Amino acid sequence: MSWVTIIWSMTASACLTLAAIHLLVWCQRRAVWADLLFALAATGTAGLAFCELAMMRAETPGQFATALRWFHLPGWVIIVAVVAFVRLFLEAGRPWLAWSVCALRTVALFLNFTVGDNLNFRSVEGLRSIRLFGESVSIAEGVPNPCMLVAQFGMVLIVIFTVDAAITVWRRGNRRLALTVGGGIVFVALVGLSQGVLRFWGVVHAPITASLSFTVLVVAMGYELSRETLRAARLSEELRDSEARLTLAAEAAGFGVWMWTVDTNTVWGSERWLRLFGFAPDANVSFEQAIQRIHPDDRERVKSAIRLAMETRAGYGVDYRVVLPDRSVRWIAALGRLYAAAGGKPARMLGAAVDITERKQAEQDLLQQRNELAHLSRVTTVSALSGSLAHELNQPLGIILSNAQAAQELLQQDPPVLTDVREILADIVAADRRAAEIIQRLRALLKRDETSRQPLSLNEILDVVLRLVRVDLIDRGITSVCDLAPDLPPITGDRVQLQQLALNLILNAADAMAVNAPGTRRLHITTSRQPNAVRATVRDEGPGLPADSEVLFQPFFTTKPHGLGMGLAICRTIVAAHQGRLWAEPHPAQGAIFHFELPVAEEGAGRERGARDAREEAPAYGQ
Amino acid sequence: MANDPPPGTVFLLDDEPEMVKALTRLLRANQFEVRGFTSVRAFLEACQPQELACLVLDVAMPELDGLELQQRLTHRGMAIPIIFLTGHGDIPMSVRAIKAGATDFLTKPVDGAELLRAVRAALQTAHTRHEARAGIAALAARLATLTPREREVMEHVVAGRLNKQIAADLGTGEQNIKLHRAHLMQKMAVASLADLVRAAERLGVGRSGER
C-alpha cells in the first residue's frame, strides 16, 4: 500500500470517527448544536479526503473532472458547518457576514455543477503525473474556470468573518478559544486561498490537499468541544456533590427535601421526605399521590397556596397535616420556591418539609393554657366589677319597675288615666332590651370559647368596655376623658380578647390612681390612626412606672397586694396574637401611658389569603 | 291612694333621663309634685332656699358624691331631706350617704311602695323642719323688739338667777328688774319662766353668757 493511500484514508477515517462520536453525543443532548455541526464538518473533511484520493488516482481527465466536481459538495458542507459553529459555539461573528459567506459558497456550488467541468476547470484537457511521497499521482491540466473567483472571494469573506468573530471572543476574555478555532479557520482559508490562486495561475503543480488542512481545523474544533464536554461533566459532578451535601444537611436538620417537576407532574423526594409522607424509600410519587396524603381538611388550603405561589412567583409556606397509611396524623411545615423555565413558565418547585407535630402539640397546649388563664383573669376582673355590673343591671330593672308601678297606679284610678300608659309600655320594652344587652355583653365576656377573628372597630371595643366600668370608675372617683379618632379603619381580631385587653388596661390605670387625691384621678383614653395600624392609648395620672417598664409585662410581676400579676402579661399575649404591639412609657408630667397598636384589617380579610397569611392562620382553619 | 301626699316638691336627681322619667311618672301618679333633673347644676339652679321639698338622689352620679352635694346645699342654706338611691348597697356607701344627711337609703330597683313611704316621710321631715324654722323666725322677731336692758335681764333670768341677784349685778333696784321682766315676758309672748327658757334655747340666747 502506498503512503498517499494510507495518509488520506487515515485522515478520512479519523474524521469519520470523530464525526460519529459527536453525532452520538448530539443524539444524547439535542440542544447542543455544536456537536452536530462538528460532526458535519468532520464528515465533510472525510468527504474531501476521499475526493482528493480519487483525483490523485484518476486515470482519465473525465474521472478527474468528476472527482473535482464532487469535491465541492463536502467543501460546501464544511464551510456552512464551520460558519454555523462560529455563530453557535463561539457566539460571535456578524450574522450578515455569516449569511454572505454561506450564500457565496452556495452560488459557487451551483456554478460548480452548471458551468464547465467543475468550479476549477472549464474543461480538463489532460492529466499529468507528478511525484508525491515517492509515488506518482495525477494532477489536471486544462482551461481554468473564471467562476472559481466566486469561491476565492468567499474564502476572503470567511477570513474577515472569522477574524471579526475571533476578536470578539478575544475581547470577551476567552483568548485560547479565539486562537484555536479562529486561528484554525483563518489558517485553512488562507491555505486554500493561496493554493487555489497559485494553481489557477499555474505557478505550482500540486495535487489538491485541502483535507489535510481541514483536518487541522477539525482537530482544533474537536479539542474545544471536548474541553466543553469535560467542563459540563465536571459541573454536573460538582452539582451532584453539592446536591448530596444539601440533602445531607437537610437530613441532618430533620428536613425532607422535595422537588415537583410541573411538566411530568412527578415529585422527587429525599429519603426523609418520603418517610414523612409515608412513602416507600424508592417510591415514584406523583403530585396527586402526594396531595392525597394531606389531611382532607387541609388539602384545599395547600392547593390554593401552591396555586398562589405559581401565580405570584412568591415563596410558598404552609403548615398542614398528613395522614400516614397507618392513619396516624403528623403536622408538617413546608416551604417552597418556584423555578421557572426559560419561557417564564413554572417548571419546578423546590422545597423542604419538616415534622412539627411536637411543636404544634406544644402550641395547642399553650393556647389552651392561655385561654384558660385568660378566662380565669376575665372571671376575676368581672367579679371585681360585680358591684358596678349590678348597678348597670339594676338601672334598667329600676326603670322597668317604676314605670310598671306608675302604670298600675294610673290604671287603678277612677277613671283610669290611659294617656301615658302607651308611652310607659314603650319605655319598659326599651329598658328590658337594655338589660338583655348588658347580660349579653357580660356573657360574651365570660364565655370560654375558642378565638374567632372578625373585622372590629377599636372605638367600639373601648366604648363597650367603658360602659362596663363606668360605675366602677365613678365609685373610685375617676373621671374618664375620651378622645376617639373618628373614621378609624377596622382591625381584625377576637372581640372578647380585645375587650379584655382594654378592660385590663383601664382597670390598671384606675388602680394606679387609687393613691391620688380625689379630683386628680383622671383617665385619658385616646385612639389614633397610624401607618397601617390603629393605636389606643390609656393614660393615668398615678405615680408612674418602674424604671424598666418591660418588667411590667412579665408574668407574676405585680405591685398590688392581691394582684395575680398576670394582667399585663395576658395583655401582651393578646396583642401579640393580633400581630400588634403593646408598650408602656412614663408621662412627662405625671402617670403612666400604655399604648397598643393593631394592624389595620387587610382588604377582603377573612377570605382566601396569601401563602404567608395562610401559614400564620393555620390553626384557625378547619374549624 | 287613700291618703293625700303631704305638701312639698319632690326633686329627682339621676343622670339617666329614663330613670328620672320613670320615677316622675310613679310619683305623679301618686299625686306628688315632682321636678326631675339629670344634672346637679340644673338642680341647684332650680332649687330655692326655704323651699318645702325633699330630694331623691342617685348616688352614682358622675359629677359628685352625696357628701359634696350635701355640703353645697348647706352652704346655700338648704337643709332638705335626701333619699339616696343606689345600685348596690354596700356598707361604706351607706355610711357615706348617712353622713351626707340621708334620711333614707334605698337600693335599686326600688319598690314603688317603699319609695312612696320614704318620700312621704322625707316631706314630713321637711315640713317639720319648715315649721320649726318658721317658729324660730317668729321668736327671733320678738326678740328683736326687746330693749338692750330687757335683753340683758332676759339673759340673766334664763341663766336661772334671782331678781335680787340680777339687780345687784346690774346695779339697780329689784323693782326695776321685776318691771323689765314683766315687759320682756309680754314681748316674748311667754306665760311662764319655763316657756321663756325654751324660747331662749331655740334662739341660742344666754349660752354665750355662760362661756
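Predicted model only: the values in this text are computed from it and were never measured. Within every chain, numbering begins at 1; the chains are lettered A, B, ... in the order of the sequence lines, protein sequences first and strands thereafter.
- Contact annotation for A:Ile424: both backbone and side-chain heavy atoms come within less than 4.5 Å of a heavy atom of chain B.
- Between A:Gln395 and B:Met19 the shortest heavy-atom distance is O-CE, 3.5 Å.
- In this structure, A:Asn403 CG and B:Leu26 CG are separated by 8.5 Å, a value rounded to the nearest 0.5 Å.
- Counting non-hydrogen atoms of other residues, nucleotides and ligands closer than 6.0 Å to CZ of A:Arg529 gives a total above 12.
- Counted within 6.0 Å of CD on B:Glu33, heavy atoms from surrounding residues, nucleotides or ligands total 12 or fewer; the atom is thus considered open.
- Only the side chain of A:Leu401 comes within contact range of chain B, judged by heavy atoms closer than 4.5 Å.
- Using a 4.5 Å cut-off on side-chain heavy atoms (C-beta onward), B:Asp111 and A:Gln405 make contact.
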Could you check A:Glu423 against B:Arg25 for salt bridge (Lys or Arg N to Asp or Glu O under 4.0 Å), going step by step and ending with a plain yes or no?
-> CA-CA 11 Å; A:Glu423 206 183 318; B:Arg25 281 182 185 136; 3.3 Å; yes
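- Residues B:Lys21 and A:Ile399 fail the side-chain proximity criterion, which asks for heavy atoms closer than 4.5 Å.
- Look at B:Arg28 and A:Glu409 and you find no salt bridge, because none of the NZ, NE, NH1 or NH2 atoms lies under 4.0 Å from a carboxylate O.
- For A:Glu460, the side-chain hydrogen bond (donor to acceptor under 3.5 Å, both in side chains) criterion is met by A:Arg495, not counting sequence neighbours.
- Rounding to the nearest 0.5 Å places OG of A:Ser402 at 8.5 Å from CG of B:Leu27.
- For A:Asp427, the part lying near chain B is the side chain, with the backbone staying farther off; criterion is any non-hydrogen pair under 4.5 Å.
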